[in-house]
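Before any comments, here is the structure.
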Amino acid sequence: MQNNIYHDSQKVFLDTVIVDDYIQFDKVSAIYQSLLYSIKKPLKMILIYGKPGTGKSMFLSKLYKDSKNQQKMYLYSTPILDESEFFKTLAQDLLGVNYNGELNFTQFMRTLEGRKINLNNDIPLILLDEAQLYSDSLMEKIRLLSDTRAVKFIIALHKTKEEDLIAKEHFQTRIWESIELENSSVNELSIYIQNKLKKEKCFNSAAMFDKKSVKLIYKITKGNYRDTNKLLYSLFDIYIYYAQNNPSKIAKNTISNTIIEMAAIHTGLINA
Amino acid sequence: MLNITDLENRHKKYKIKTYIPKLIAFLSIIILSILFITVFKPKEKKIIQPQVVQLQVIKKENIQNLKALIPKKNINTQQLVLYPSFKFLQDLKFDDLKKEKTKQTAKFQKDILQNKKIIDINKNMQIALEKKNEIKIKRQNTNKDIEHVLKRFENNNNPALSLFVAKKYYELGFYDKSYNYALITNNINSEIDDSWIIFTKSLVKLNQKNKALKILKAYIKQSHSSEAKILLNDILSGKFNES
């Protein structure tokens, strides 16, 4: 019985992008509303950036889910690194044209210009996740594409020194809006853990996370959602093991700090 | 795949690693505290300690130990701080001494004070400490005083000085000498009442009571001295006699 609770709780923290699990904090909600307002403006590009695990992918997915019925919108959650494939996918989504052979940038632009009039009233929005993986050459072409005003881009990328450079070089003059996503605070992390567990009806597990344990988790993960998911997945893995082999080692009322640290060591968040 | 045993061991090592800086910090604080105490505290003690010790000594010392304190005073300059308290004790003792003196030689004390003799406190302390030799010491001092006064008397022939010597000898029981110096005084100045009194008193003590009465009556007739009359009555009534 106890073991099942831990199993269910563990599944909650699988690191997957499920839009229905999206938990909007006040801070993020304000940013989201601002983005909804921005995409209605005639902007060429919107940049969403932040450290890995701050919820950029989830943010794009949420936007896509909420707005796809109101606006022509396409989400490329996995980068299409091959140029021909990228323009072929774009031609298919924007123009409804299937190309069997190669499609280069010049050919795509010609096709796009021919159909410009049709696109004027409802400019499609392309959501590019993990944009830092695109090559400089392709990014340059995306920039030129945005200049035609035939298509708008929302680009999500990691915030590192190198990626900041990419942002500056390729998009600086064209980005009209940029949004930074940050790690959560202790309170937000507590709400995040509680809501995730309660959504899956893991009420007993949710009650085990007191202030002290959340503080320790925050100290280890620095409020990063992806790291928190990793840590808690590993934590429940250890709980499952102890429930089966050594039940005396797990206190039933609260999450053990020792097990949090063990999970952190296991996931590499603590260098032991 | 979880390897719990390995994970538990790694966690133990991690905990030890996390405690080491705390332990080092804790030990550093203790070491620094000890160093601070050992380096800075004694300096303060060096200043305070002598005073405290001295005060304790003063409180604890009794009269018997005063003798031991006196030479220390000369050796250690810091102990000079004790001097006021020491003097206080000396003063106390001096009072006791005065009481004893009053009992034994009241008049002698009076004379000493009259002549404004400053008694050396340290010498009196020695007197207090050597109770057994008290009288001897007094005599030595008195003899010295008498010698000193006699020298002065030889120089200026002052009847006050010869009268002083007569009284001293009388008090000490040397009645023949007191008779002589009373007579010397009387020869210089026959109007000094005390010289007649000491003269007649000395005569009585030298078993010359009748001669003393005859001289005293003659003096009373001439001077009408009330003191001489009292002495005459005392001799006649037997209050004052040879013994």
Side-chain angles (χ1 to χ4, degrees), chain A residues 2-15 205 212-213 215-222 227-252 254-272, chain B residues 1-61 76-82 84-85:
Chain A
Q2 197 74 25
N3 212 6
N4 287 339
I5 293 167
Y6 297 140
H7 268 293
D8 293 342
S9 305
Q10 189 186 29
K11 281 177 197 167
V12 170
F13 294 103
L14 274 170
D15 193 34
S205 301
K212 207 177 165 184
S213 52
K215 261 191 173 179
L216 181 61
I217 292 164
Y218 180 81
K219 193 182 163 188
I220 293 165
T221 63
K222 294 175 180 69
D227 287 343
T228 303
N229 288 342
K230 259 166 67 180
L231 179 74
L232 296 184
Y233 183 88
S234 185
L235 177 126
F236 283 111
D237 210 8
I238 297 166
Y239 264 87
I240 291 163
Y241 175 88
Y242 278 136
Q244 286 171 347
N245 302 294
N246 198 350
S248 63
K249 283 220 171 187
I250 44 173
K252 287 170 188 173
T254 53
I255 293 288
S256 157
N257 280 357
T258 304
I259 296 175
I260 293 172
E261 285 169 349
M262 283 170 70
I265 292 165
H266 182 65
T267 50
L269 291 167
I270 285 177
N271 187 21
Chain B
M1 181 66 188
L2 273 176
N3 184 347
I4 290 291
T5 317
D6 175 58
L7 201 54
E8 283 172 343
N9 289 333
R10 284 169 71 191
H11 181 256
K12 273 179 194 169
K13 283 179 188 171
Y14 163 74
K15 289 309 272 185
I16 292 165
K17 260 167 76 176
T18 54
Y19 283 131
I20 287 169
K22 289 174 188 172
L23 190 72
I24 290 167
F26 178 72
L27 290 172
S28 304
I29 289 165
I30 289 173
I31 291 164
L32 286 171
S33 304
I34 292 166
L35 280 172
F36 183 81
I37 291 163
T38 50
V39 171
F40 294 103
K41 277 262 178 174
K43 282 183 182 175
E44 290 170 18
K45 275 184 181 174
K46 274 177 189 172
I47 299 160
I48 296 161
Q49 205 173 16
Q51 294 173 352
V52 173
V53 168
Q54 293 307 320
L55 287 168
Q56 285 172 347
V57 167
I58 292 161
K59 285 177 182 176
K60 287 177 181 175
E61 285 301 330
N76 192 346
T77 51
Q78 279 188 318
Q79 284 181 330
L80 287 170
V81 181
L82 282 172
S85 298

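All values below were derived from every heavy atom in this structure, side-chain atoms included, with hydrogens, water molecules and symmetry-related copies excluded. Throughout, a chain's letter reflects where its sequence line sits, starting with A, and its residues are numbered from 1.
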Quiz item: Rounded to the nearest 0.5 Å, how far does CG of Leu7(B) lie from CE of Met262(A)?
Solution: 4.0 Å
Practice problem: Check whether more than 12 heavy atoms from other residues, nucleotides or ligands sit under 6.0 Å from atom CG of Asn271(A), and answer yes or no. | Solution: no
Practice problem: Tabulate, in ascending numerical order, the residues of residues 10-26 of chain B having at least one heavy atom closer than 4.5 Å to a heavy atom of chain A, or enter 'none'. | Solution: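 The stretch touches chain A at Arg10(B), His11(B), Tyr14(B), Lys15(B), Lys17(B).
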